[in-house]
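Only this structure's heavy atoms are used, side chains among them; waters, hydrogens and symmetry mates stay out.
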Amino acid sequence: GLGGISGTTPPGASHGGRGGDPTTPGPSTYGLVRTPTNLGSGTTTTSYGSAAGGGAIILAVHGTTTVYGAVSANGDPATGVYRRPGGSGGSIFLTTDYLAGSGTLSANGGPSDSSSGSGGGGRIAVILTASDSFGNVTMAAAGGDHDTASYDGSAGTIYKEGQLNNFGRGNLLVDNKNYSTATGVVAQLPAVNYSTASELRSVTLSITNTARVGLTANLTMGDLFLYTNTAARLYLNGFTLTLRSQYHNTWGNANWVVYNGGQIVWSLYGTVYSVY
């Protein structure tokens with residue numbers, strides 16, 4: 001399954017990001033970035049309890065959606081003696097004319113402790129059909145926290161699309177709230193299961209706050225921002241990331257990309273710039 005592996009000390013469950021574990025990351029990620037509808041995954045152990053994944057909240061609103069409180073599809077922390085391991089965040093998919101309020105949308109992974117991993121973050125997508133302002137609504141799809149940083153879960157995905165950048169030209173944020181993950185505990189793009197690379201073709205990718213993103217195939221996207229002052233990482237894993245933008249110095253720092261034979265190609269206007 002897509003949850004944590006059964007046993008006494010499994011990794012956390014995966015969804016938008018992989019579940020945490022310093023030696024064996026959680027299962028491969030799944031689901032769509034722009035139209036997320038999947039439930040989060042749960043975990044189970046032979047001796048110490050289990051945790052449910054986050055739910056799926058899907059709303060289509062004509063008019064204004066005002067968020068005052070918390071709309072949550074978070075994964076649960078595990079029950080049992082050692083609270084291990086954590087479930088993954090679920091999905092929030094909101095289509096609305098306008099967004100207002102100062103509340104929170106969250107699909108975070110469930111935390112854990114002891115020697116099992118926290119859950120990976122889920123997926124949030126907010127598409128505005130008559131506005132470009134997301135107000136003061138906070139959105140979070142981080143991995144679950146852990147007492148030991150190497151057991152933190154990976155961030156999931158947050159997609160925002162306003163009326164001016166519709167037709168798939170929105171912004172994809174991967175933000176892990178400064179939780180540090182082990183090697184291989186990443187948000188996979190495209191997701192390995194139940195996904196399509198074509199949905200990302202015009203999307204701008206931003207990676208921040210110790211988030212890690214790993215490619216699973218050659219991928220075309222709209223643009224890239226890698227916030228190096230926040231220890232973000234991009235793992236190309238030997239694949240090519242083609243960006244439908246002209247090269248710009250504000251994208252980030254090549255030292256924070258792990259290439260392993262891959263490359264970044266900036267291809268706007270028929271001119272190809274490669275970064276190795």
Side-chain angles (χ1 to χ4, degrees), residues 15-18 28-38 58 60 91-95 107 121-129 131-132 134 139 141 154-175 186-208 211-227 232-248 250-252 254 257-276:
H15 180 191
R18 299 184 78 174
S28 297
T29 60
Y30 60 96
L32 296 169
V33 166
R34 293 177 53 224
T35 56
T37 58
N38 290 100
I58 304 167
S91 297
I92 298 176
F93 179 24
L94 170 63
T95 303
R123 300 193 188 278
I124 296 173
V126 178
I127 297 177
L128 305 182
T129 56
S131 172
D132 293 294
F134 294 85
M139 304 180 199
S154 168
T157 59
I158 300 170
Y159 179 73
K160 297 180 181 180
E161 181 179 304
Q163 64 170 347
L164 291 180
N165 57 11
N166 58 4
F167 304 112
R169 297 193 297 269
N171 297 285
L172 171 59
L173 176 65
V174 184
D175 180 347
V186 299
Q188 296 173 313
L189 292 179
V192 174
N193 301 288
Y194 317 129
S195 69
T196 173
S198 61
E199 69 161 343
L200 301 172
R201 181 172 177 80
S202 300
V203 169
T204 294
L205 171 63
S206 297
I207 310 172
T208 190
R212 298 171 182 256
V213 171
L215 296 195
T216 62
N218 294 330
L219 186 62
T220 297
M221 299 192 74
D223 205 347
L224 171 67
F225 292 90
L226 182 62
Y227 294 99
R233 294 288 191 279
L234 173 61
Y235 295 86
L236 297 182
N237 297 319
F239 297 110
T240 296
L241 176 61
T242 301
L243 299 168
R244 301 174 67 194
S245 300
Q246 190 169 18
Y247 181 84
H248 53 90
T250 58
W251 76 272
V257 179
V258 180
Y259 293 88
N260 286 332
Q263 63 178 330
I264 299 175
V265 176
W266 305 80
S267 61
L268 190 64
Y269 306 128
T271 303
V272 175
Y273 300 86
S274 295
V275 179
Y276 296 91

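For E199, the side-chain contact (heavy atoms from CB on, under 4.5 Å) partners are L32, V33, R34, T196, not counting sequence neighbours. Considering only residues two or more places apart in sequence or on other chains, N165 meets the side chain to side chain donor-acceptor pair (under 3.5 Å) condition with none of them.
In this structure a side-chain-to-backbone donor-acceptor pair under 3.5 Å is missing from T29 to G16. Side-chain atoms of D223 do not come within 3.5 Å of backbone N or O of T204 as any donor-acceptor pair. Y159 places a side-chain N or O within donor-acceptor distance of the main-chain N or O of G170, the cut-off being under 3.5 Å. In this structure, the side chain of D132 engages the main chain of Q163 through a donor-acceptor pair within 3.5 Å.
Among all heavy-atom pairs drawn from V174 and A155, the shortest one is CG1-CB, 3.8 Å. A pairwise comparison of heavy atoms in T157 and L172 identifies CB-CD1, 3.5 Å as the closest pair. Annotation for E161 and G168: closest pair OE1-N, 3.4 Å, computed over non-hydrogen atoms. Summarising the geometry of T216 relative to P190, their closest heavy-atom pair is OG1-O, 2.7 Å, with the distance given to 0.1 Å. Taking both residues in full, the closest heavy atoms of L236 and Y259 are given as CD1-CD2, 3.4 Å, listed atom of the first, atom of the second, then distance. Of all heavy-atom pairs between L224 and W266, the closest is O-CH2, 4.3 Å.
Side-chain atoms of S202 and R169 include no donor-acceptor pair closer than 3.5 Å.
Contact check for W251 versus I264: side-chain heavy atoms found under the 4.5 Å cut-off.
Y30 and H15 have parallel rings, their planes meeting at less than 30° on a 0 to 90° scale where 60° marks the start of perpendicular.
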- request: Run the numbers on L243 and M221 for side-chain contact (heavy atoms from CB on, under 4.5 Å), then give the verdict.
  value: CA-CA 5 Å; L243 299 168; M221 299 192 74; 4.1 Å; yes
field: Criterion side chain to side chain donor-acceptor pair (under 3.5 Å) on R18 and S154, from CA distance to verdict
entry: CA-CA 5 Å; R18 299 184 78 174; S154 168; over 6 Å; no
